[in-house]
There are 2 protein chains.
Amino acid sequence: MRTESKPTIQDVAKHASVSIATVSRVINNQGGVRAETEKRIVHAIKELGYVRNAVARSMKKKETKMIGIIIPDINNPFFPLVVSGIEQQARKKGYYTMLSNTSESPIVESEIINILVERGVDGVVITTADEYGKQFQILQEQGIPVVALDRRINEYNFDSVLIDNIDGAYQATKQLILQGHQDIAIICGPHSTTPGRDRFAGYLKALSDYEIPLNDQFVVQGSFSEEGGYSATRTLNELEVRPTAIFSSNNLMSIGCIKALQDLEWRLGEEVAFIGFDDIEIATFTKPKLSVVSRPMNALGELAFQLLHERILANEVFSPRNYLLSPELKIRESCRLGNIRLNHKRS
Amino acid sequence: MRTESKPTIQDVAKHASVSIATVSRVINNQGGVRAETEKRIVHAIKELGYVRNAVARSMKKKETKMIGIIIPDINNPFFPLVVSGIEQQARKKGYYTMLSNTSESPIVESEIINILVERGVDGVVITTADEYGKQFQILQEQGIPVVALDRRINEYNFDSVLIDNIDGAYQATKQLILQGHQDIAIICGPHSTTPGRDRFAGYLKALSDYEIPLNDQFVVQGSFSEEGGYSATRTLNELEVRPTAIFSSNNLMSIGCIKALQDLEWRLGEEVAFIGFDDIEIATFTKPKLSVVSRPMNALGELAFQLLHERILANEVFSPRNYLLSPELKIRESCRLGNIRLNHKRS
DNA sequence: ATGAAAGCGCTAACAC
DNA sequence: GTGTTAGCGCTTTCAT
């Protein structure tokens, strides 16, 4: 494709009849170059269409000004929002972000980490697809700063910015209880993930605090996906005694759940109340509108970059900082008592 | 941070008592190394925690195996879906993708392009925020292959993978007409963008083919955003004679439009029919369900990478290929006649 | 099968 | 203010 190879700093120097050192000075705005000389050089750069080779530069300077962002699911709207927060802060500080998507595959994640390390990123923000994996070893060995976002990384002492999932689930469940519900189901995410486990724990805690016995039938599992929420809801619908309220552990699951409710003609707000983890676009389009636990996506991203940046600049090791951000319960309509007939078995 | 600097190929060579050339051979699986020697080297690599420095490698080889993807709005679900298509193909061919988001800012886009060029990406797929900008100059000069995705790039002969927006809008409008509507409004996107103009053109064409005079009042403008759709809908609602059908030019606008309809108590499916460009999550949650023009996101991405890849491999210039993919009309409920009272002025 | 050595394009220390 | 020069870590030709 490329015929004549790209011009280098050498070519520019020759063209402007100066040394490469001088050219380098003007490229990097280091000053100390006579105005006239500079003009000649700038002109030569224009004329030749010279572009600084960042690869050579990085090689020399041992820094790339790139940070890697690794997310598990680019199609889950939660992540783009978080990414926007990171990007924004990074740009301000002169860092360029490389975003990669693992599609929840630990194998892909591992590959990506290796590539980023080889490419010499200055740091990485990651929402891992495998909290217990060994893929982080290389990052630690190379001393590359890492911030774990939204999902904990076990056995490594990285900084982390997490959401208080337990509290979020607790608030949601409590709200349902205060509305008079006793038969509250939970659609759980995978117990292999922190959010999966923690949201279940919050649910359990609320039940226990209000002395409502746990009914195993009301605890259903699924993957963090629309399909997961859909089939879980089906299962719930087939129970002899159906729950009067559902708490869904994740945005995608909520969508699946609401779809199932429609398909099964299990009437939201009339026969069953609902609260979901994460705000979703459809929440205000359903009737009744969905109450949700909302996470501060942007803040999550901004904080993550900030922590990362501090570590990149620091030249000594210091102990990990672990942040736990609180989600916010957004009460709309779907958790209201309405005219839901409760199952008054134990009242 | 990093205390002892990272091990290099030199260190490995020393540790295994061989030359760096031999180490390089085993790192790159080039064969021609005695099994026993190789074992020693592999062992040294493990022991030292050596990682190949891709920066140095790229510098030497003049290829990075990285391609850049530039999108204008990571929070518009259309793009993550396209990106998934690109990523998937790229990974298969051994390319790593770097995703960047411009947030529709031509300035940011320009910066990103420069960074990618400096970093030596092997190619770029871009949905530009500025179809007429000069930011592509550098790509052309450097001979870096480019594929324009979803938005045309004028004045440069890059490959392109576009959607037949005219046809999509035509189909939608036609459908509305066939349902008996005459007073069909369009919520237009910015005329500075190809999709904005083309979708309007398709609307116009359908009207003309069916001999329905254009009513200027039914043509409202907005940015490709929720807010754009929302305020456009407000405007339509304030007309003395309101339209009986609305065609919305973009997914985000559709969301804004539907929200406005709700807020204004302008009843969808009863007082006004609707078709929107792009399928959206909420489409099946509204009552009635939304009819939409759906684009093949994944195919778009896959094709884009394929074209790019061909160009990266080719060692001669050839003329640009321009693909136009057809969108598909998904008829659900919102465009049905239902019990909408049409304004029978000219029937 | 292995090694020596010449760069790739740049930065920065040092000389002038 | 400007030039010379020594690498950064790697791949690759050419010897051996």
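What you see is a predicted model; the values in this text were computed from it and never measured. Residue numbering restarts at 1 for every chain, and letters A, B, ... go by the order of the sequence lines. Side chains are part of it too, since the values below use all heavy atoms of this structure and drop only hydrogens, waters and symmetry mates.
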What's the CG-P distance between B:N28 and D:dC10, to the nearest Å? 10 Å

Ion pair check, A:R91 and A:E87, cut-off under 4.0 Å: no

Per atom distances to the B:V33 side chain, the nearest of C:dT2, C:dG9, D:dT11 is C:dT2

Using only side-chain N and O atoms of B:T8, determine if any of them is under 4.0 Å from OP1 or OP2 of D:dG9. no

In whole Å, what is the span from the NZ atom of A:K65 to the C1' atom of C:dT11? 16 Å

Heavy atom of residues 41-60 of chain A under 4.0 Å from DNA chain C: which residues? A:Y50, A:R52, A:N53, A:A56, A:R57, A:K60

For the side chain of A:Q30, starting at C-beta, report the closest nucleotide among C:dA12, D:dT4, C:dA4. C:dA12

Heavy atoms only, 4.0 Å cut-off, all strands: where does B:S24 land among base, sugar-phosphate and nothing? base

Taking atom types as modelled, is there a side-chain donor on B:S58 or A:R119 under 3.5 Å from an acceptor on the other? yes

If you find the nucleotide of DNA chain C closest to B:A35 and the one closest to A:I27, which residue's nucleotide is nearer the 5' end? B:A35

Side-chain N or O of A:T37 less than 4.0 angstrom from OP1 or OP2 on D:dT2? yes

Measure from CZ on B:R25 to C1' on D:dT11 and round the result to the nearest Å. 10 Å

Between B:R40 (CZ) and C:dA1 (P), how many Å, whole number? 14 Å

Quick one: B:D11 CG to D:dC8 P, roughly how many Å, whole number? 11 Å

Can A:H309 and A:Y95 be said to form a side chain to side chain contact (heavy atoms under 4.5 Å, CB included), step by step? CA-CA 9 Å; A:H309 191 221; A:Y95 283 81; 3.6 Å; yes

Sidechain N-carboxylate O distance under 4.0 Å for A:R52, B:E118: yes

Nearest whole angstrom, please: distance from the C1' of D:dT11 to the CD of B:E63. 12 Å

Please confirm whether the shortest side-chain N or O distance from B:K62 to OP1 or OP2 of C:dG9 is below 4.0 Å. yes

Minimum heavy-atom separation for A:P7 and A:G49, please, with both atom names. CG-O, 3.9 Å

d(CD, B:Q10; P, C:dA4) in whole Å: 11 Å

A:K6 NZ - C:dG9 P separation (whole Å): 10 Å

Is a side-chain donor-acceptor pair under 3.5 Å present for A:Y96 with B:S100? yes

Is B:I20 touching bases, backbone alone, or none of the nucleic acid, heavy atoms closer than 4.0 Å? base

With a 4.5 Å limit on heavy-atom distance, are the side chains of B:Y50 and B:V23 in contact? no

Out of C:dT2, C:dC14, C:dA12, which has the shortest distance to the side chain of A:K61? C:dA12

When you get a sec, tell me which of C:dT2, D:dG3, D:dT11 is the closest nucleotide to the side chain of A:T22? D:dG3

Other residues, nucleotides, ligands: >12 heavy atoms within 6.0 Å of B:K14 NZ: no

